[in-house]
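These notes concern the structure reproduced below.
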Amino acid sequence: MLTNQSGNSSHTKFVLFGFSGLSGYRQFLFFPFFLLFILSFVGNSVLIITIKTGRHLHSPMYVFICATAFVDLTLPIIFVPQMLLSFLFNWNEITLFCCLIQMFFIHFFSSFQSTVLLGMALDRYVAICIPLRYNDYMNSYTLFKFSAVVFLRNMFLVLLVVLLASPLSFCSSNVIDHCFCEHMALVSLACENTNKNSIIGLLAVFSVAGLDLVFIVISYTKIFFDIFKKASGNSGKKAIHTCGTQLIIIGVSYTFAMTAILAYRIKNSLPPNIHTLISIMYLLFPSCFHPLIYGIRTKEIREQMLKLVKCRSLCISMKISSIC
């Protein structure tokens, strides 16, 4: 423990003890979360490889899908291995510095979930509403500018949240009732006024996810107006199918995000185990769900996956034949 300027001792080591109500059965939680982790890792890796190997899948829409897969691949890697080790071996300790680092990367990468969805919405808007100008607007330079702006925005806001949490004094409990270093889970242990942290945290959420959602809604509203006004036959059905896939992803992502945010506002009304589960699934479930939806509903990705499987099977058959 360190002594701060006011003379109070502040914890520098914390214990991550999520699902504390299941303390005698925490080791059994390893199996379902390990399976979800493997599903997320394999699914998103296959999706990235599929898009990378298909030259016809290098258009902006598939670049955004690949970016989603990268975010979904990275997020679980940041916290799930440590969580699994905690379940099996009770390796629960983490220093304040490592906690803040983990907090930064979790919130930084999760902020791109809505940002990539915004990029997809803008791409579909240009492709459907002003198709003749598509190459003028959706080119490498535009993607670079969009990426740079949202990268700086997300980094600044997440860094601000983390820096404001770092000087807080933690003079009472050092047990974080969570499986990873979530912002409010750590801040709630502070023994000083944290209204500033809560306000800045909410501001960051609404400046990223909230603002992105506003532009997503505007884009898809204009898209559907344009579809019902102009498109007909196969072109209209294809546009609706493509947008439908994106809307499913948006619905799932924002449902889990809003549930996790509201869970903190009604924390005293929820059992701690349920609250922890909601926060984990907010990050983990979309990572497992997205590759399945994109693989099933996107024809070009599905065909490229089947092509890769056939090529792999053919290579294995040729090797076996050469050995025999």
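What you see is a predicted model; the values in this text were computed from it and never measured.
Here the CG atom belonging to L29 is positioned 8.5 Å from the CE atom belonging to M83, to the nearest 0.5 angstrom. In this structure, CG in L284 is found 10.0 Å from CG in L277, a value given to the nearest 0.5 Å. Interatomic distance, CZ of F28 versus CG of L88, reported as 11.0 Å (0.5 Å rounding). S166 OG to L96 CG: the interatomic distance, rounded to the nearest 0.5 Å, is 7.5 Å. Going from atom CD1 of I176 over to atom CD1 of I94 covers 7.0 Å, rounded to the nearest 0.5 Å. In this structure, the separation between NE2 on H11 and SG on C191 is 8.5 Å, given to the nearest 0.5 Å.
The shortest distance between side-chain heavy atoms of R153 and T115 falls below 4.5 Å. A 4.5 Å side-chain heavy-atom check between L159 and F104 finds at least one atom pair inside the cut-off. I248 places a side-chain heavy atom less than 4.5 Å from the side chain of R297. Inter-residue side-chain proximity for L84 and V80 is flagged as met; some heavy-atom pair is nearer than 4.5 Å. Using a 4.5 Å heavy-atom threshold, the side chains of N174 and F170 count as separate. Under the 4.5 Å side-chain criterion, counting only non-hydrogen atoms from C-beta, N135 is not in contact with N139. Here the side chains of F285 and V252 are in contact, with some heavy-atom distance below 4.5 Å. Counting heavy atoms from C-beta outward, I223 and C129 have side chains that approach closer than 4.5 Å.
Grouping the Ile, Leu, Val, Met, Phe, Trp and Tyr side chains by contacts below 4.5 angstrom, directly or via other members, places L163 with M155. Residues L73 and Y282 fall within the same hydrophobic cluster, defined by Ile, Leu, Val, Met, Phe, Trp and Tyr side chains chained together at heavy-atom separations under 4.5 Å. L117 and L211 fall within a single hydrophobic cluster, where Ile, Leu, Val, Met, Phe, Trp and Tyr are joined by side-chain heavy atoms under 4.5 Å apart, directly or via other members. V46 and L306 fall into different hydrophobic clusters, defined by Ile, Leu, Val, Met, Phe, Trp and Tyr side-chain heavy atoms under 4.5 Å apart, directly or through other members. A continuous path of hydrophobic side-chain contacts links V217 to M120 [ILVMFWY only; heavy atoms under 4.5 Å].
For CZ of F41, the number of neighbouring non-hydrogen atoms (other residues, nucleotides, ligands) closer than 6.0 Å is 12 at most. Remark: Y254 OH is packed, more than 12 non-hydrogen atoms of other residues, nucleotides or ligands lying under 6.0 Å away. For F17, the CZ atom counts as densely surrounded, since its 6.0 Å shell holds more than 12 non-hydrogen atoms of other residues, nucleotides or ligands. Within 6.0 Å of CZ in F215 there are 12 or fewer heavy atoms belonging to other residues, nucleotides or ligands.
Listed here is the closest heavy atom pair of D212 and L118: OD1-CD2, 3.4 Å. The two atoms that bring F19 and D177 nearest to each other are N-OD1, 4.3 Å, heavy atoms only. Y137 and T142 get closest at one heavy-atom pair: O-OG1, 2.6 Å. For the pair L36 and C288, the tightest heavy-atom approach, listed with the atom from each and the gap, is O-SG, 3.1 Å. Taking each heavy atom of E182 and M103 in turn, the nearest pair found is O-CE, 4.4 Å. In this structure, S287 and D72 approach most closely via the heavy-atom pair OG-O, 3.2 Å.
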Kindly determine whether I218 and Y125 satisfy side chain to side chain contact (heavy atoms under 4.5 Å, CB included), including the steps that lead there.
CA-CA 10 Å; I218 292 172; Y125 169 74; over 6 Å; no

Y134 and D123: CA distance, side-chain angles, deciding distance, side chain to side chain contact (heavy atoms under 4.5 Å, CB included) verdict:
CA-CA 8 Å; Y134 184 82; D123 174 75; 2.5 Å; yes

Under the criterion side chain to side chain contact (heavy atoms under 4.5 Å, CB included), I'd like the reasoning laid out for C243 against I128: C-alpha separation, chi angles, the key distance, then a yes or no.
CA-CA 10 Å; C243 293; I128 294 171; 3.8 Å; yes

Report the C-alpha distance between L16 and C181 in whole Å, list the side-chain angles of each, state the deciding distance to 0.1 Å, and finish with yes or no for side chain to side chain contact (heavy atoms under 4.5 Å, CB included).
CA-CA 8 Å; L16 291 168; C181 287; 4.1 Å; yes

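The aromatic rings of F180 and F79 lie tilted to each other, with the angle between the two planes from 30° to 60°. In this structure, H275 and H178 have perpendicular ring planes: the angle between them is above 60°, well past the 30° mark. Using cut-offs of 30° and 60° for the angle between ring planes, the H107 and H183 rings count as perpendicular.
For the 3.5 Å distance criterion, the side chains of N273 and T276 fail to qualify, holding no donor opposite an acceptor. Neither side chain, Q246 nor Y220, offers a donor N or O lying under 3.5 Å from an acceptor on the other.
Checked against the 6.0 Å centroid threshold, F87 and F34 do not count as a close aromatic pair.
Each of F156, F144, F108 was checked for a ring pair (Phe, Tyr, Trp, His ring centres under 6.0 Å) with F151, and the lone residue meeting it is F108. Checking each of V162, V208, L152, I200 against L157 for a side chain to side chain contact (heavy atoms under 4.5 Å, CB included) leaves exactly one that passes, namely V208.
Within the cation-pi definition used here (under 6.0 Å to the ring centroid, within 45° of the axis), R124 does not qualify as a partner of F64.
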